[in-house]
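Just so you know, residue 1 is the first one in the sequence shown, and it goes up from there. Atoms considered below: every heavy atom in the structure, side chains included; atoms not considered: hydrogens, waters and symmetry mates.
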Amino acid sequence: QVQLVESGGGLVQAGGSLRLSCAASGRSLSNYAMGWFRQGPGKERAFVGCISSSGGSTYYAGSVKGRFTVSRDNAKNTVYLQMNNLKPEDTAVYYCAARTGSVYSTRVNGYDYWGQGTQVTVSS
């Protein structure tokens, strides 16, 4: 079992930045590809970005590409989502997820473990 806890969410003005963290316990994250998803009010959970188990490969949704960066520190068992130039439409609950193996997925049902989420609110 892997337990994931997100942190770093909050209220920020448009154009600002936030860095979300996802800390894992229970097992080493080095055996898991990781993904970030978000769910806005009244919307389905959607893919944001992901990273391979080694950190050597990343992939992003078009809406965040160039603004968001996923990284990981396997020694700290933590994954990060750096969000720059935030927009009001980025407002959502953000979730991290772990997928067994080295290859990431963009699908919600491609992940085995989920955190509880952290709220990000971007004001205009």
Q: Only counting residues at least two apart or in another chain, list the ones meeting side chain to side chain contact (heavy atoms under 4.5 Å, CB included) with Asn84.
A: Ser17, Gln82
Q) Just by modelled atom types, is the Ser57 backbone N or O under 3.5 Å from a matching donor or acceptor in the Ser52 side chain? A) yes
Q.
If you count heavy atoms of other groups shown closer than 6.0 angstrom to OH of Tyr60, is the number above 12?
A. yes
Q. How close do Met83 and Val120 get, heavy atom to heavy atom, and via which atoms?
A. CE-CG2, 3.9 Å
Q. Between Asp112 (side chain) and Gln1 (backbone), is there a donor-acceptor pair under 3.5 Å?
A. no
Q: Working to the nearest 0.5 Å, report the span between CG of Asn77 and CG of Leu29.
A: 4.0 Å
Q: Considering non-hydrogen atoms only, spot the tightest contact between Thr91 and Val122 and give its length.
A: OG1-N, 2.9 Å
Q: Heavy atoms only: give me the nearest Ser71-Val79 pair and the separation to one decimal.
A: O-CG1, 3.3 Å
Q: For residues Lys76 and Ser21, determine if any side-chain heavy atom of one lies less than 4.5 Å from a side-chain heavy atom of the other.
A: no
Q: Please round to the nearest 0.5 Å and tell me the distance separating atom OG of Ser124 and atom CD of Gln13.
A: 9.5 Å
Q. How far apart are the closest heavy atoms of Asn31 and Ser53, and which atoms are they?
A. C-CB, 4.4 Å
Q. Would a 4.5 Å heavy-atom cut-off, applied to side chains only, mark Arg67 and Lys87 as touching?
A. yes
Q) When rounded to the nearest 0.5 angstrom, what is the spacing between CG in Asp90 and OG1 in Thr121? A) 11.0 Å
Q) Residues in side chain to side chain contact (heavy atoms under 4.5 Å, CB included) with Arg45, at least two apart? A) Phe37, Gln39, Tyr95, Val108, Trp114
Q: Return yes if some donor-acceptor pair links the side-chain N/O of Glu6 with the main-chain N/O of Cys96 below 3.5 Å, else return no.
A: yes
Q | Approximate separation, where rounding is to 0.5 Å, of Ser54 OG and Arg72 CZ | A | 7.5 Å
Q. So, for Ala33 and Ser102, which heavy atoms are closest and what is the spacing to 0.1 Å?
A. CB-O, 3.9 Å
Q: Give the ring-plane orientation class for Phe68 versus Tyr94, where under 30° counts as parallel, over 60° as perpendicular and anything between as tilted.
A: tilted
Q: Please round to the nearest 0.5 Å and tell me the distance separating atom OG1 of Thr69 and atom CG of Leu81.
A: 8.0 Å
Q) Taking C-beta and beyond as the side chain, do Tyr80 and Asp73 meet within less than 4.5 Å on heavy atoms? A) yes
Q | Point-to-point distance, once rounded to the nearest 0.5 Å, from CE of Met34 to CG of Asn74 | A | 9.5 Å
**Q.** Taking every non-hydrogen atom, the tightest pair across Val48 and Val64
**A.** O-CG2, 3.4 Å
Q: Establish, from distance only, whether the side-chain atoms of Ser105 and Tyr111 form a donor-acceptor pair under 3.5 Å.
A: no
**Q.** Whether Arg99 side chain and Gly110 backbone form a donor-acceptor pair below 3.5 Å
**A.** yes
